[in-house]
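Data first, discussion second: the structure below is written as structure tokens.
Both ligands and their constituent atoms are indexed starting at 1 by order of listing. When a residue number appears, it is its place in the shown sequence, counting from 1.
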Amino acid sequence: MTATIENTGAVRAACPQDCPDTCAMLVTVEDGKATAVRGDPDHPYTAGGLCVKVNNYLDRVYDPGRVLFPLRRTGPKGSGRFERITWDEAVDEIATRFRAIADEHGPEAIMPVSYLGTQGILNGLNVGDPFFAKLGATVAERTYCDSGSCTAYAMTIGDTAGVDPESLVHSRFILIWACNVMSTNLHLWPYITEARKRGAKVVVVDPVRTRTAAAADQHIALRPGTDGALALAMAHVIIAEGLTDQAYVDNYTAGFPEFAERVEQYTPEWAEGETGVPADVIRTLAREYAGAQPSVIRIGVAIERHAGGGQTVRALSCLPGLVGAWRKPGGGILQLPLWAFPVNWGAFMHPELLTPGTRVVNQYLLGGALAGDLPAGPPIKGLMVYNSNPLVTCPDQERLVEGLRREDLFTVVSEQFMTDTAEYADIVLPATTQLEQDDIMFSWGHLYVTYNHQAIEPLGEAVPNTEMFRRLAARMGFDNPLFRRTDAEMIAEAFDWSHPHMEGITVESLKEQGWQRLNVPSPDEYAPHAEGGFPTASGKVELLSSAAAGGNFVVPLFRQGSNDHQPGQPVDPLPHYIPPRESAAADPELFARYPLNLLTPKSHAYLNSSFANHDFHRRVGREQAARLHPDDAAARGISPGDPVRVFNDRGEFTVVAETDDAVPRGVVVSSMGGWRKHSKAGATLAAVNPTVFGDLGNAPTFSDTLVEVEIV
Ligand SMILES: Nc1nc2c(c(=O)[nH]1)N[C@H]1C(S)=C(S)[C@@H](COP(=O)(O)OP(=O)(O)OC[C@H]3O[C@@H](n4cnc5c(=O)[nH]c(N)nc54)[C@H](O)[C@@H]3O)O[C@H]1N2
Ligand SMILES: Nc1nc2c(c(=O)[nH]1)N[C@H]1C(S)=C(S)[C@@H](COP(=O)(O)OP(=O)(O)OC[C@H]3O[C@@H](n4cnc5c(=O)[nH]c(N)nc54)[C@H](O)[C@@H]3O)O[C@H]1N2
Ligand code: SF4
Ligand SMILES: [Mo]
């Protein structure tokens with residue numbers, strides 16, 4: 001625990017949350033206790049500010065509700081009754097039970113469930129992968145977030161970082177598409193404000209007038225899930241009206257003639273029928289987007305959450321190539337610049353430990369899996385959850401609860417708090433917070449590597465995830481030395497340090513400085529595709545995708561290093577429109593019963609379901625609610641403040657009604673993240689979301705959800 005900055009007593013840290021901003025934090029420590037947390041004023045992106053979620057992170061660290069010791073269940077599952085046990089007892093019991101399950105049913109009867117409670121390279125996404133691969137457990141496919149978008153993006157322009165967010169100051173036209181920047185990507189907003197000062201126009205495409213849409217120059221409120229129609233109609237106008245940058249198209253795109261022929265059918269008049277956006281508005285949008293160069297499209301993760309999300313991202317990734325937006329800094333598409341970081345994923349996943357052919361189950365299907373709805377192989381008898389709260393973040397909540405109640409299921413949960421999921425555990429293991437551990441961070445929202453120094457001793461007997469898996473591996477008798485790697489050894493393996501982007505960056509320099517920009521051109525000069533050079537098979541923007549022949553795949557990052565379980569369905573190599581699955585047009589009978597489209601965006605005050613247990617955050621985030629247009633509320637006799645039941649054939653949840661004309665007619669908005677134990681009737685919106693995947697990358701389809709709302 002070195003690393004206090006001279007004369008200040010502050011420790012350089014990094015926000016661990018699953019958020020694109022990865023803020024650089026400074027932690028003040030006095031007598032071994034953290035007394036203040038603030039944003040690093042010198043970090044270009046964080047610029048001294050954190051956010052409403054993390055400003056009072058110390059209240060989370062020192063919350064009396066922290067799980068600080070290993071616990072064993074004493075009451076019925078879900079009762080929340082536990083007794084304290086020692087780490088030795090906990091690890092013994094887990095090893096004994098896992099071994100017994102593997103002996104009786106085969107190791108695939110054990111399944112891990114994890115996601116991004118922390119984003120650290122050490123303690124985050126892949127921390128348990130080698131352990132479960134060695135065990136031979138069912139491979140958990142993790143496509144919660146951006147897997148459909150990434151697949152589509154990579155199919156079209158390759159795994160490029162795209163536009164540097166800091167270059168947005170140079171953009172002349174900023175098209176924010178399905179992204180509520182002011183809540184979910186807060187630190188991007190100052191760059192957008194600066195661009196506007198310099199004359200840029202900002203347009204937001206979102207069914208709802210969010211705080212971001214309200215702050216923009218123009219808000220285009222389309223019907224949920226119809227984005228593909230709007231994007232393809234933009235391409236139609238750009239080509240039909242000769243607004244392409246033809247030299248860029250000729251030199252740096254592949255398949256233009258086929259693409260042009262394909263989009264002929266997607267006229268603005270046709271798109272108006274799908275999206276509800278007037279054809280004239282679509283024409284003007286396309287003209288302004290093409291004409292104001294450099295233009296940029298910032299896509300949110302929410303873009304993928306419907307049946308045709310993948311093809312929508314395909315179409316959107318084609319647009320910058322058509323208009324030559326890539327020629328200048330601030331032009332192109334911004335998705336996840338994480339691809340610029342040469343993270344040494346292999347050193348954390350260790351895919352070579354997997355037994356080829358091991359069963360893969362997508363975590364979204366956990367409710368079904370626990371009910372026995374599985375591909376071949378044994379029933380799930382052992383479950384280990386870490387870095388995740390699936391009872392809130394997975395669909396099919398009712399079946400999931402039933403599954404977790406099964407007496408013959410042995411469940412381990414590693415947590416900082418007694419979450420809805422942890423309450424169903426047989427054994428709960430205490431996890432450290434970011435202040436109690438070392439880690440090293442990439443970012444999916446900017447181009448800086450950040451080091452997180454441990455600031456304080458772990459509270460109670462909490463341990464980092466790395467240490468938990470060291471202890472479990474030792475007790476399981478896994479003798480491969482990789483299971484004994486120290487955190488320092490893992491940090492040394494975190495990146496491919498010889499990659500050109502890491503030039504001038506070492507573990508030592510990061511420890512000293514806290515954060516460093518990747519060795520890439522400055523935001524004023526960052527235009528990696530000014531002359532093509534896309535990391536696709538052809539090196540071009542693949543309007544006609546050569547990767548599509550390989551089928552509907554999931555990029556390796558989203559599964560546990562294994563690529564031999566792909567669905568492999570061939571995909572149309574040209575972008576096309578796939579309408580929402582649950583809509584008036586697609587399913588009139590369903591629509592007659594459930595005429596409202598539920599959207600479940602991120603909460604302003606929570607980070608997924610994290611922080612929803614703190615009173616302060618719940619005061620800011622308010623009660624779990626359903627927001628409707630006043631006309632839709634009136635038609636149902638609903639007044640603001642009424643308790644309402646939101647339901648469909650899959651399930652129901654009860655919340656308080658709010659009316660708001662920012663929500664269009666026919667849509668109901670309920671922010672995700674609230675816990676079941678704080679809900680009115682023991683269920684949250686995850687009870688009504690579908691378990692059907694979108695068209696690419698096994699992405700979830702949360703926005704493709706029809707419901708009805710009635711007063712309770
Ligand atoms: N405050 C806060 N910040 C967060 C998070 C959080 O929980 N809270 N979570 C983090 C994570 S994990 C992620 S993935 C990102 C997500 O970041 P975003 O993608 O910005 O998050 P969302 O709020 O889910 O969705 C953004 C907007 O998409 C709209 N939307 C929904 N469906 C559609 C559609 O079909 N078409 C269009 N055009 N718009 C649609 C919603 O109305 C919403 O306003 O945020 C990260 N940052
Ligand atoms: N309806 C609906 N559902 C959604 C979404 C949506 O928009 N709508 N969004 C989806 C998306 S984009 C995402 S990313 C997922 C997020 O899903 P999850 O990753 O499950 O997110 P959280 O609910 O925040 O759960 C993370 C848990 O990890 C714990 N944790 C934090 N740090 C540590 C640690 O160091 N060790 C251990 N062991 N635990 C730790 C936290 O306390 C928290 O309970 O949700 C998805 N679910
Ligand atoms: S949650 Fe996001 S915006 Fe808030 S401090 Fe962490 S990285 Fe920054
Ligand atoms: Mo996410």
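The aromatic ring centres of H446 and H43 sit less than 6.0 Å apart.
Contact analysis leaves Y115 out of contact with ligand 1, as no non-hydrogen atom separation drops below 4.0 angstrom. Contact annotation: M25 has no heavy atom less than 4.0 Å from any atom of ligand 3. Using a 4.0 Å heavy-atom cutoff, C145 is listed among the residues neighbouring ligand 1. Residue contact check for ligand 1: L186 places no non-hydrogen atom closer than 4.0 Å to it. L186 does not count as a contact of ligand 3, since none of its heavy atoms falls under 4.0 Å from the ligand.
Using a 30° and 60° split on the angle between ring planes, H187 and Y45 fall in the tilted class, from 30° to 60°. In this pair, F469 and Y386 present their aromatic rings perpendicular. The plane angle is above 60°, beyond the 30 to 60° band.
Per-residue contacts place H187 under 4.0 angstrom from the following atoms of ligand 3 (heavy atoms of the residue considered): 3 (S), 8 (Fe). In the vicinity of C51, heavy-atom distances shorter than 4.0 Å reach the ligand 3 atoms 1 (S), 3 (S), 4 (Fe), 5 (S). Using a 4.0 Å cut-off to heavy atoms of K53, the atoms of ligand 3 that qualify are 1 (S).
Looking at D695, its side chain does come within 3.5 Å of a backbone N or O of G310 through a donor-acceptor pair. Panel note: side chain R66, backbone V61; a donor-acceptor pair is recorded below 3.5 Å. Put simply, the side chain of E582 gets close to the backbone of L706: a donor and an acceptor are under 3.5 Å apart.
For the pair L26/V11, no side-chain contact is recorded, criterion being any heavy-atom separation below 4.5 Å from C-beta on. In this structure the side chain of T705 never reaches within 4.5 angstrom of the side chain of T600, judged on heavy atoms.
Counting heavy atoms under 4.0 Å from ligand 2, residue Q434 does not touch it at all. Heavy atoms of S610 found under 4.0 angstrom from ligand 2 belong to the backbone as well as the side chain.
At the shortest separation from atom 6 (Fe) of ligand 3 among protein heavy atoms lies C15 SG, 2.3 Å. Among all protein heavy atoms, the one lying closest to atom 21 (O) of ligand 2 is N608 CB, 3.6 Å.
Nearest to atom 40 (C) of ligand 2 by heavy atom, out of N123, N387, T118, is N387.
Taking 2.8 Å as the criterion, C23 does not count as a coordinating residue of atom 6 (Fe) of ligand 3, since none of its N, O or S atoms falls below it.
Residue A302 places at least one N or O, backbone or side chain, under 3.5 Å from an N or O of ligand 1.
Of the residues listed (K602, H604, K53), the one engaging S183 in a side chain to side chain donor-acceptor pair (under 3.5 Å) is H604, and it is the only one.
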